[in-house]
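Below: one structure, written as structure tokens.
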Amino acid sequence: MPRASVLSDLPAASPAHLRQPDPDALRPALSTHKPRILILYGSLRAVSYSRLLAQEAARLLEYFGCEVRTFNPEGLPLPDAEPASHPKVQELRELSAWSEGQVWVSPERHGAMSGILKAQIDWIPLSVGSIRPTQGKTLAVMQVSGGSQSFNAVSQLRILGRWMRMITIPNQSSVAKAFQEFDVNGRMKPSSYYDRVVDVCEELVKFTLLTRDASNYLTDRYSERKEEAEKLEQRVSLKSL
């Protein structure tokens with residue numbers, strides 16, 4: 001416990017809810033199952049380069065030992081256009097809950113991520129009761145562009161990842177002139193762009209293995225501990241009336 005003199009220097013803090021970092025909690029027993037990765041892509045086109053890039057990522061992640069599932073956005077309604085009980089919404093939410101890490105792949109349209117990818121993210125709730133479905137999960141972001149290289153979509157996806165309380169890895173992929181980077185069979189050609197995709201997938205797996213068993217501890221927050229304690233005290237007080 002911190003010395004009383006140290007706590008006296010923190011008059012705005014609630015000592016009962018302060019926690020010293022616990023190195024042991026950061027090194028829990030490691031899970032042995034394959035890392036569970038969900039991939040979302042942002043286009044419904046018959047020839048979709050974001051989908052092709054998602055498929056390349058899936059192959060790499062499986063090579064690195066992951067169990068991978070890819071959500072097909074076809075048939076997903078616009079946010080709030082249907083109830084959350086819609087089958088495609090339920091499928092997406094169940095996959096998100098199942099995952100330990102995610103990959104978001106978007107085409108860049110009008111200098112931004114696609115509405116199709118944004119709709120998928122909007123259907124994933126920030127909280128369900130006291131559970132935050134994406135908190136502590138790892139995230140990798142990628143984009144494809146029809147023209148010169150840009151980072152608009154991946155930058156926006158990073159902002160969304162933060163709002164979803166995800167651990168977004170440092171690396172990212174932006175494939176310029178994507179129509180030149182895939183062959184007639186839909187496979188990505190050897191290039192520096194492909195090498196970066198390998199880097200991103202490898203890094204995502206490492207971060208997922210590193211954090212998945214400690215994610216609850218990593219995202220345990222002073223403000224939320226304090227808030228929950230205050231709510232509990234209010235409930236107890238009401239029951240005593």
- Is atom CZ of R196 surrounded by more than 12 heavy atoms (other residues, nucleotides or ligands) closer than 6.0 Å? no
- Item | Ring centre gap for Y49 and F179 strictly below 6.0 Å | no
- Item | Common cluster, L218/L30, ILVMFWY with side-chain heavy-atom separation under 4.5 Å | no
- Task: Would you check if the side chain of R51 reaches a backbone N or O of R45 as a donor-acceptor pair within less than 3.5 Å?
- Result: yes
- Task: Flag the pair M113 / L160 as yes when at least one side-chain heavy-atom distance between them is below 4.5 Å, and no otherwise.
- Result: yes
- Query: Is any NZ, NE, NH1 or NH2 atom of the basic residue among K137 and E100 found under 4.0 Å from an Asp or Glu carboxylate oxygen of the other?
  - Reply: no
- Query: With no hydrogens and no angle check, is any side-chain donor or acceptor of R221 less than 3.5 Å from a backbone partner on T219?
  - Reply: yes
- Message: Let me check something: do Y41 and L157 share a hydrophobic cluster, defined by ILVMFWY side-chain heavy atoms less than 4.5 Å apart, either directly or through other members?
- Response: no
- Message: If you count heavy atoms of other groups shown closer than 6.0 angstrom to OH of Y63, is the number above 12?
- Response: no
- Item | Check against side-chain contact (heavy atoms from CB on, under 4.5 Å), L139 and F207 | CA-CA 9 Å; L139 172 65; F207 270 79; over 6 Å; no
- Query: Would you call Y194 and L60 a side-chain contact if the rule is heavy atoms closer than 4.5 Å?
  - Reply: yes
- If only atom types and distance count, is the side chain of R93 paired as donor or acceptor with the main-chain N or O of W123 below 3.5 Å? yes
- Looking at side-chain heavy atoms only, is the closest gap between C66 and K34 below 4.5 Å? no
- Message: Applying a strict under-4.5 Å side-chain criterion to I, L, V, M, F, W and Y, I'd like to know whether I169 and L61 cluster together.
- Response: yes
- Co-membership, hydrophobic cluster, residues V175 and L204, 4.5 Å side-chain: yes
- Should we say atom NE2 of H33 is surrounded by more than 12 heavy atoms from elsewhere, each under 6.0 Å from it? yes
- Query: Crowded around W163 CH2? As in, over 12 foreign heavy atoms under 6.0 Å?
  - Reply: no
- Task: Please confirm whether the backbone N or O of G147 pairs with a side-chain atom of S145, one donor and one acceptor, at under 3.5 Å?
- Result: no
- Message: Taking P73's backbone N and O only, do any of them form a donor-acceptor pair with Q120's side chain (distance below 3.5 Å, no angle check)?
- Response: no
- Ion pair present between E62 and R36, side-chain N to carboxylate O less than 4.0 angstrom? no
- Query: In terms of heavy-atom contacts, does CD of E74 have more than 12 from other residues, nucleotides or ligands at under 6.0 Å?
  - Reply: no
- May I ask you to test the V105-V103 pair for a side-chain heavy-atom distance under 4.5 Å? yes
- Task: Side-chain contact test, heavy atoms from C-beta onward, threshold under 4.5 Å: evaluate it for V205 versus I37 and give yes or no.
- Result: no
- Under 3.5 Å, is there a donor-acceptor pair between the T208 and T138 side chains? yes
- Short side-chain to backbone donor-acceptor contact, S99 and Q102, under 3.5 Å: no
- Flag yes if M166 and Y217 sit in one hydrophobic cluster, no otherwise; membership is Ile, Leu, Val, Met, Phe, Trp, Tyr, and two members link when side-chain heavy atoms are under 4.5 Å apart. no
- Message: F64 vs C201, test: side-chain contact (heavy atoms from CB on, under 4.5 Å). Steps then yes/no.
- Response: CA-CA 8 Å; F64 289 131; C201 291; 4.2 Å; yes
- Task: Carefully, step by step, assess M188 and Y193 under the rule side-chain contact (heavy atoms from CB on, under 4.5 Å).
- Result: CA-CA 9 Å; M188 199 168 181; Y193 292 130; 3.8 Å; yes
- Query: Got a donor-acceptor contact below 3.5 angstrom from the R59 side chain to the A54 backbone?
  - Reply: no
- Message: Restricting to non-hydrogen atoms, name the atom on W98 and the atom on L38 that form the minimum distance, rounded to 0.1 Å.
- Response: CZ3-N, 4.3 Å
- Task: Without swapping roles, check the side chain of D183 against the backbone of N185 for a donor-acceptor pair under 3.5 Å.
- Result: yes
- Task: Please report the shortest heavy-atom distance between S14 and Y222, naming the atom on each side.
- Result: N-OH, 2.8 Å
- Item | Nearest heavy atoms of Q143 and L53, plus distance in Å | O-CD2, 4.1 Å
- With a 4.5 Å limit on heavy-atom distance, are the side chains of Q90 and H86 in contact? no
- Are Q172 and R158 close enough, and set up right, to give a side chain to side chain donor-acceptor pair (under 3.5 Å), and what steps lead you there? CA-CA 10 Å; Q172 61 188 24; R158 285 187 173 277; 2.8 Å; yes
- Query: Hey, are R225 and E227 close enough for a salt bridge, meaning a charged N less than 4.0 Å from a carboxylate O?
  - Reply: no
- Query: Does K88 come within less than 4.0 Å of E91, counting only side-chain N to carboxylate O?
  - Reply: yes
- Query: Under 3.5 Å, side chain of S96 to main-chain N/O of L92, donor-acceptor pair present?
  - Reply: no
- Okay, side chain of W104, backbone of I121: is any donor-acceptor separation there less than 3.5 Å? no
- Item | Nearest heavy atoms of M164 and P125, plus distance in Å | CE-O, 4.1 Å
- Item | Neighbour count above 12 (heavy atom, 6.0 Å) for D80 CG | no
- Query: Where is the tightest heavy-atom contact between S43 and P107, given as atom of each residue plus distance?
  - Reply: CB-CG, 4.3 Å
- Task: Considering non-hydrogen atoms only, spot the tightest contact between S106 and S50 and give its length.
- Result: C-CB, 4.3 Å
- Close side-chain approach of L95 to T70, heavy-atom, < 4.5 Å: no
